[in-house]
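Okay, structure first, notes after.
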Amino acid sequence: MLLFLNYKGVSQSSYPEIFNSILHQPEVIHYHRSDFQGDTEFWSACRGNDGVLYFGNNDGVLIYNGESWQKVKLPNSSSVRSLLASSDGTIYAGGYNEFGNVVKDSLGKYHYNSFIEKLNLKGKELENLEQAHEIDSNIILRFYKELIVMNENRKTVIPSSTDFMCSAVIGNTYYVQDMGVGILSFHPDNDDLSLVFQTDKLKSIAVKGILPTNGASEVFIVLENGEVFKGNLDTKEVVFWENLFSNGQKDQVLSAIKKGNSYLIGTLGSRIKTLNANGKLVTGPDAYNRLQNPSVLNLLSVENGLWVMLYNGLDYINYDTSSYKFFDSSKVYDIKLFHQQLYISTNKGVYVSDFRPEEPDKITFKVIDGLQGQAWTFNEYKGDLLIAHHKGLFRLIGKEAKQITSQSAWKVIEIPNKENELLACGYAGLSLIRKEGNEFTLVNKIKGFEESTRDIIASKEENTFWVCHGYKGVFKIKINDDYNHVYAIDHYTDNNGFESPFNINVFKWEEDIVFTTNTGIYTYNENGNFFEPYDKLNSILDNTKNTRKILQKNDTTWAVEDNGIVYFVDDSAGSKLYSRPFLKVKGQLNRGMETIYPLPNNKVLIGTTDGIYLFDLKNEKVDEGQTGITQVSMFNGQRKQLVPLDRDVSELPNATDIIRIEFAAPDLISGSEIEYQYQLEGLNLGWSEWTENNFKEYSHLQPGNYTFNVRSRDLKGIKGKMASFTFLVTPKWYQTVLFKISFVALLIFILWLGYLMIKRNLEKENLKIQEENLKAKKLLELEIERLKLKHDKEKVEEDKKILEKDVIAKSKELANYTMQLVNKKDIVQELQNDLKELRRLVKTQLSRDKISDIFRKLHQHKIGEEYMEVFDVNFENIHHQFFEKLREINPKLSKKDQRLCAFIKMDLTNKEISPLLNISIRGVETLRYRLRKKLNLKTEESLHEFLKDLI
């Protein structure tokens with residue numbers, strides 16, 4: 001995998017090779033206790049025919065389907081030291097004094113079946129089963145003290161002379177080390193062991209690996225102390241070959257396997273040692289140094305990967321990588337290959353690559369002095385590299401930076417049709433930069449436009465530029481020929497075609513200027529001065545997402561949609577959008593400063609918030625894996641019940657509240673995220689969006705037949721074949737066909753019975769109607785008679801009312817007349833008073849007698865009680881219920897009290913009332929006071945208002 005290039009070659013034209021080399025560095029995925037929920041010490045592993053992985057652990061067998069883990073304990077709770085996946089798919093497991101197989105039931109649960117009684121081994125001290133192998137349908141179990149060969153017909157036990165320490169199957173022969181003898185061979189047909197290699201070291205040092213070589217008659221033998229020997233099976237000769245632990249290193253070999261043309265050796269403290277095809281020690285990938293624990297107890301090789309069982313944890317090394325991450329120490333804003341050097345602008349400064357000839361697969365970086373701090377973009381112009389920085393604009397000379405301006409700059413763009421003149425786009429407007437010879441100088445600041453110009457592009461009009469502001473919309477600015485003043489600005493926000501002024505960016509695509517927004521991509525219509533949808537890109541990209549960047553390189557177009565990256569290739573067959581390779585960087589892009597840097601040979605560099613990703617976009621055809629339904633559960637309230645998976649159609653009771661279907665794709669285990677897409681036939685909802693969830697729940701499904709389909713894919717686009725699960729939700733008793741037929745029959749009977757009852761009722765009703773008609777006729781006659789009487793009565797009432805009105809009118813006249821008498825009484829009283837005064841004044845007796853005679857006549861004709869009774873009667877006729885209500889309030893009211901009430905109601909003053917009651921004004925006031933008490937009036941209540949309201 002390593003390319004040994006000299007430094008000169010690297011510095012000239014080896015970048016494609018360099019990137020190809022680092023891209024294929026393996027990645028390490030760590031699994032912790034929180035993942036597998038078991039002990040952290042792993043001893044063995046195997047892979048089933050369905051891709052499911054089985055790990056021997058101190059807690060038992062841990063089973064991993066790529067999404068979830070299950071644990072199976074042995075009957076004596078011992079650790080599982082040995083696992084074997086046989087050719088027929090059986091998974092064998094063994095521990096301390098225990099051996100059996102692991103099976104999966106119809107509900108998706110795993111169980112352990114012990115073979116101890118079947119093999120008549122109960123009570124026998126076997127200790128740990130260290131290894132199990134298959135050869136010609138025979139299972140060979142290696143314990144320290146014996147081998148047990150098991151097949152369907154018999155069991156053979158072969159004892160050791162001391163201890164059996166290591167075994168392996170090479171070709172069709174079983175090899176095992178007996179510490180007291182050496183390495184022996186065995187075939188079940190012979191029923192005995194044959195000596196193959198015998199040396200002092202093979203009898204005194206434990207063998208940890210017997211591995212095949214490219215030569216048919218040679219094997220490598222790896223000892224516990226790190227020594228490697230090559231043994232010739234024909235000559236029985238053993239020669240020293242290599243030492244894994246040189247320079248006095250103290251370590252120990254724990255395991256050894258062959259993977260491809262290499263040999264991987266697991267050690268106690270040095271992680272993994274690598275031997276090449278010739279058995280010589282070489283430097284392994286850097287991924288081996290990233291294992292979470294240095295003690296490698298065992299190794300399991302799988303296609304494109306390696307499972308590493310550790311003393312403390314479990315790791316997966318993925319060799320089949322399509323991406324590689326490096327420079328993970330800063331936010332990356334721009335990337336540039338310039339003069340065979342890789343430059344990176346970051347929030348911490350500008351970095352340049354430093355290659356080492358002896359390690360061409362690694363890229364190291366160092367910061368350029370003077371460019372520390374926020375560096376934004378690189379801009380190449382006529383062989384020079386310009387750097388836009390928070391501190392200003394810089395020119396790179398060698399590996400040193402020379403400052404051009406001190407004003408903060410986003411980028412530099414060329415001015416169309418102007419030789420050696422550039423625009424420096426800054427935080428607050430534009431500046432003119434001119435190149436004179438080898439020097440760049442600031443000419444002037446362009447006045448008239450002070451907005452941020454990070455997103456700017458030259459228009460097709462001369463001296464005209466489009467500027468997009470993330471919050472203020474789009475500006476179209478025009479600069480004079482001297483480039484010292486902006487003389488015209490058109491500002492577009494949420495008018496002229498845009499739905500919103502926010503998140504608008506401008507780019508060039510196929511010589512067209514396009515504007516990306518939250519609602520699609522637009523272009524400017526000069527004739528109508530408005531923005532219209534750009535159908536060429538809207539038909540390819542998702543216009544429901546915010547497209548923030550568009551970059552075209554040759555026939556490939558890159559775009560940033562929301563927080564992810566997509567690309568498509570223009571061809572005659574149409575453009576297909578790809579996004580799968582970039583899921584690793586989704587959500588890690590620098591918003592507004594997304595960096596996409598295409599490389600030759602379908603590779604691309606992506607800058608993120610914490611480093612750079614290198615992606616390989618080769619679309620290689622790969623075989624599909626298999627997606628599987630792992631478990632189906634149904635819930636009724638809080639009660640959970642598993643559903644069998646081995647039936648053509650599983651029946652679910654209608655009382656099921658929720659059905660949960662879990663799935664996995666074990667064949668796609670490659671260290672990358674796996675996504676699933678599913679549909680439920682019967683709901684007509686179509687396929688779902690791709691999701692990383694490995695389960696789907698449906699609640700309260702209607703009765704009927706359903707088929708759940710699920711398929712999978714990984715980051716590289718490898719797809720898992722569709723898996724299906726068919727089930728029937730049974731109807732409730734009132735939803736069955738029998739019930740419906742019975743219901744229809746009952747409904748018909750009820751309708752017929754109803755018809756008969758209605759007919760009978762109608763006949764009864766007819767008779768009743770006839771009787772009622774007769775009654776109605778009689779009632780009509782009575783009603784006519786009653787109406788006549790009513791008419792006569794109304795006439796009498798009308799006459800009565802006329803009489804009452806007449807009486808009331810006369811009563812009113814009488815009341816008025818009475819009031820006139822009251823007035824006359826006052827006059828008579830005044831006359832009497834005058835006569836009394838006159839009699840006192842006259843001197844003659846005759847005059848006095850005459851005045852007395854007049855006085856007597858007036859007294860004889862004064863208004864008396866009879867006039868007041870007439871007043872009472874007339875007043876009561878006018879105010880019918882007045883005296884009755886007074887008597888209801890206080891039945892003990894005197895006649896004088898009642899008259900006083902009547903006078904007050906008539907608005908007479910105390911002075912006017914006094915003569916009518918033949919009392920003084922003071923007497924009237926006293927009488928009013930007593931009346932208030934008799935009527936129970938409060939102090940604040942008005943007597944006059946009270947009597948006035950009393951009708």
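The first residue in the sequence is number 1, and the count goes up from there. In this text the structure is predicted, and so the values were computed from the model without any measurement.
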#### Entry: Cation over ring face, K118 and F115, 6.0 Å, 45°
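Output yes; distance and angle both within limits.
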### Query
Do R711 and W687 meet the cation-pi criteria used here (NZ or CZ under 6.0 Å from the six-membered ring centre, within 45° of the axis)?
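That pair qualifies as a cation-pi contact.
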### Task
Could you label the plane-to-plane angle of the F743 and F739 rings as parallel, tilted or perpendicular, counting under 30° as parallel and over 60° as perpendicular?
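Ring orientation, 0 to 90° scale: parallel.
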Side-chain ([X]) to main-chain ([Y]) donor-acceptor, under 3.5 angstrom:
X    : Y    : answer
Q70  : G108 : yes
S633 : L642 : no
R548 : D562 : yes
Y64  : G66  : yes
K259 : V302 : yes
N97  : N128 : no
E134 : S87  : yes

### Query
Would you say the side chain of H111 lies within less than 4.5 Å of the side chain of V102, judging by non-hydrogen atoms?
no
### Min side-chain heavy-atom separation D610-Q588 under 4.5 Å
yes
Below 6.0 angstrom between ring centroids: does that apply to [X] and [Y]?
X    : Y    : answer
F515 : Y522 : no
F695 : F663 : no
W43  : F55  : no
Y613 : Y324 : no
Y567 : Y578 : yes
F42  : F36  : yes
Y706 : F727 : yes
Y678 : W690 : no

Can [X] and [Y] be counted as having a side-chain donor-acceptor contact under 3.5 angstrom?
X    : Y    : value
E532 : T523 : no
N518 : N546 : yes
Y676 : E67  : yes
D39  : N58  : yes
N312 : T40  : yes
Q626 : D50  : no
S712 : T627 : yes
T707 : T726 : yes
Q292 : D315 : yes
N138 : N151 : yes
T730 : N654 : no

### Query
Looking at K696, Q677, Q679, which hits side-chain contact (heavy atoms from CB on, under 4.5 Å) with S688?
Q677
### Message
Walk me through whether D667 and K721 qualify under salt bridge (charged side-chain N to carboxylate O under 4.0 Å, His left out).
### Response
CA-CA 10 Å; D667 289 337; K721 296 178 182 178; over 6 Å; no
### Query
What is the distance from atom CG of N538 to atom CG of N543, rounded to the nearest 0.5 Å?
5.5 Å
### Message
I need the E697 CD to I661 CD1 distance, nearest 0.5 Å.
### Response
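One gets 10.0 Å once the value is rounded to the nearest 0.5 Å.
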### Task
Can you establish whether the number of heavy atoms outside R647 located under 6.0 Å from its atom CZ is more than 12?
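It does not: R647 CZ has 12 such atoms or fewer within range.
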### Message
Quick one, K584 with E27, criterion salt bridge (charged side-chain N to carboxylate O under 4.0 Å, His left out). Give me CA distance, side-chain angles, the key distance, then yes/no.
### Response
CA-CA 13 Å; K584 285 188 175 181; E27 63 178 343; 3.2 Å; yes
